[in-house]
Trainee: 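Structure below; questions to follow.
Computed from a prediction, not measured in an experiment: that's the story for all the values here. Basis for what follows: all heavy atoms, side chains included, without hydrogens, waters or symmetry-related copies. Within every chain, numbering begins at 1; the chains are lettered A, B, ... in the order of the sequence lines, protein sequences first and strands thereafter.
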2 protein chains.
Amino acid sequence: MAFMIAQRAFIKVYLITMVEKHRGYGYQMLEDLRRDFRSHGYSPPQSEIYRALHELVQQGILYRTKQLKGNDPKVDFQEIVLYHFTPDGAEKAKLYKKQVKTDLDRCLGMLNKAVYDNF
Amino acid sequence: MAFMIAQRAFIKVYLITMVEKHRGYGYQMLEDLRRDFRSHGYSPPQSEIYRALHELVQQGILYRTKQLKGNDPKVDFQEIVLYHFTPDGAEKAKLYKKQVKTDLDRCLGMLNKAVYDNF
DNA sequence: CCATGAACAAAATGTTCATTC
DNA sequence: GAATGAACATTTTGTTCATGG
């Protein structure tokens with residue numbers, strides 16, 4: 001077992017949750033995470049979000065579709081990549097999240113213990 | 001700012017606390033930590049403990065003395081390395097711990113948030 | 001500037017080996 | 001097996017570059 005939870009896993013559960021909420025594409029999720037964790041002094045690097053998304057596709061949890069950002073193609077030709085659950089993706093995601101939850105709890109236990117033991 | 005607290009820093013505060021309690025030498029501290037974290041599924045690698053101790057010496061917080069383990073040299077010639085605070089080591093240690101405490105709290109905040117947001 | 005992706009560089013860690021008692 | 005240390009290998013990250021709209 002590793003020491004702490006990996007950044008990758010941490011990000012992945014957030015991405016899964018975002019897909020559950022039908023929210024968006026990579027760049028958007030990146031900005032959301034940065035906003036939500038700014039007060040914690042954490043700014044996930046852009047590469048990690050894309051890597052995490054790619055891995056979730058590899059794991060057969062998500063699949064991709066492409067779409068033009070603006071409703072009107074004449075206005076905005078920017079192409080974005082949307083993510084959705086595969087047929088059995090939701091179930092796989094549930095399982096993955098469960099594993100990460102276990103690890104999150106483990107890490108919380110260790111950090112709380114460290115505070116208790118040393119401070 | 002990094003994502004999570006580094007294993008190294010985590011171990012260092014434990015080592016400092018152990019030196020405060022006049023406990024021991026590297027190998028002993030390693031075993032203690034392994035025992036204390038076994039239930040958390042974490043077993044710090046031996047190399048990390050020594051690396052951490054060396055760094056604390058580099059930082060001018062600790063210095064080393066050597067000693068034979070058994071009281072009677074005829075019985076046990078095993079040489080061990082003991083660690084003590086340098087003259088200003090205690091103060092430096094206090095400062096270092098303070099920094100790590102801040103980071104521990106930050107990490108706890110992030111992990112708790114993750115649990116709240118995703119589960 | 002938004003958006004995606006890959007390539008590359010660095011750091012942190014894990015594993016193994018060497019040495020001594 | 002206890003004890004210390006270094007070397008080496010790998011993984012995980014962070015940074016930078018490339019491309020296009």
Trainee: Check whether any side-chain N or O of A:Arg8 sits under 3.5 Å from a backbone N or O of A:Glu48 as a donor-acceptor pair, and report yes or no.
Mentor: no

Trainee: May I ask you to verify if any side-chain N or O of A:Tyr27 is less than 4.0 angstrom from the OP1 or OP2 atom of C:dT4?
Mentor: no

Trainee: Mind listing the residues from residues 1-22 of chain A sitting with a heavy atom below 4.0 Å of DNA chain D? Number order is fine.
Mentor: A:Ala6, A:Gln7, A:Arg8

Trainee: Can you measure from CE (A:Met29) to OH (A:Tyr14) and round to the nearest 0.5 angstrom?
Mentor: 14.5 Å

Trainee: State which of C:dG14, C:dT4, D:dG14 makes the closest approach to the side chain of A:Glu48.
Mentor: D:dG14

Trainee: Which nucleotide, C:dT4, D:dT4, D:dT13, lies nearest any side-chain atom of B:Val81?
Mentor: D:dT4

Trainee: Would you please name every residue forming a side chain to side chain donor-acceptor pair (under 3.5 Å) with B:Thr65, sequence neighbours left out?
Mentor: B:His84

Trainee: If the cut-off is 4.0 Å, is B:Tyr25 near the phosphate of D:dT4, judged by side-chain N/O to OP1 or OP2?
Mentor: no

Trainee: Should A:Tyr50 be listed as having a side-chain N or O under 4.0 Å from OP1 or OP2 of C:dT4?
Mentor: yes

Trainee: Do B:Ser47 and C:dT13 have a side chain to base donor-acceptor pair shorter than 3.5 Å?
Mentor: no

Trainee: What nucleotide, of D:dA2, D:dT16, D:dA6, holds the atom closest to the side chain of A:Gln46?
Mentor: D:dT16

Trainee: Between the base of D:dG14 and the side chain of A:Arg51, is there a donor-acceptor distance below 3.5 Å?
Mentor: yes

Trainee: At what angle, to 10 degrees, do the two end axes of the helix from C:dC1-D:dG21 to C:dC21-D:dG1 meet, given five pairs define each axis?
Mentor: 30°

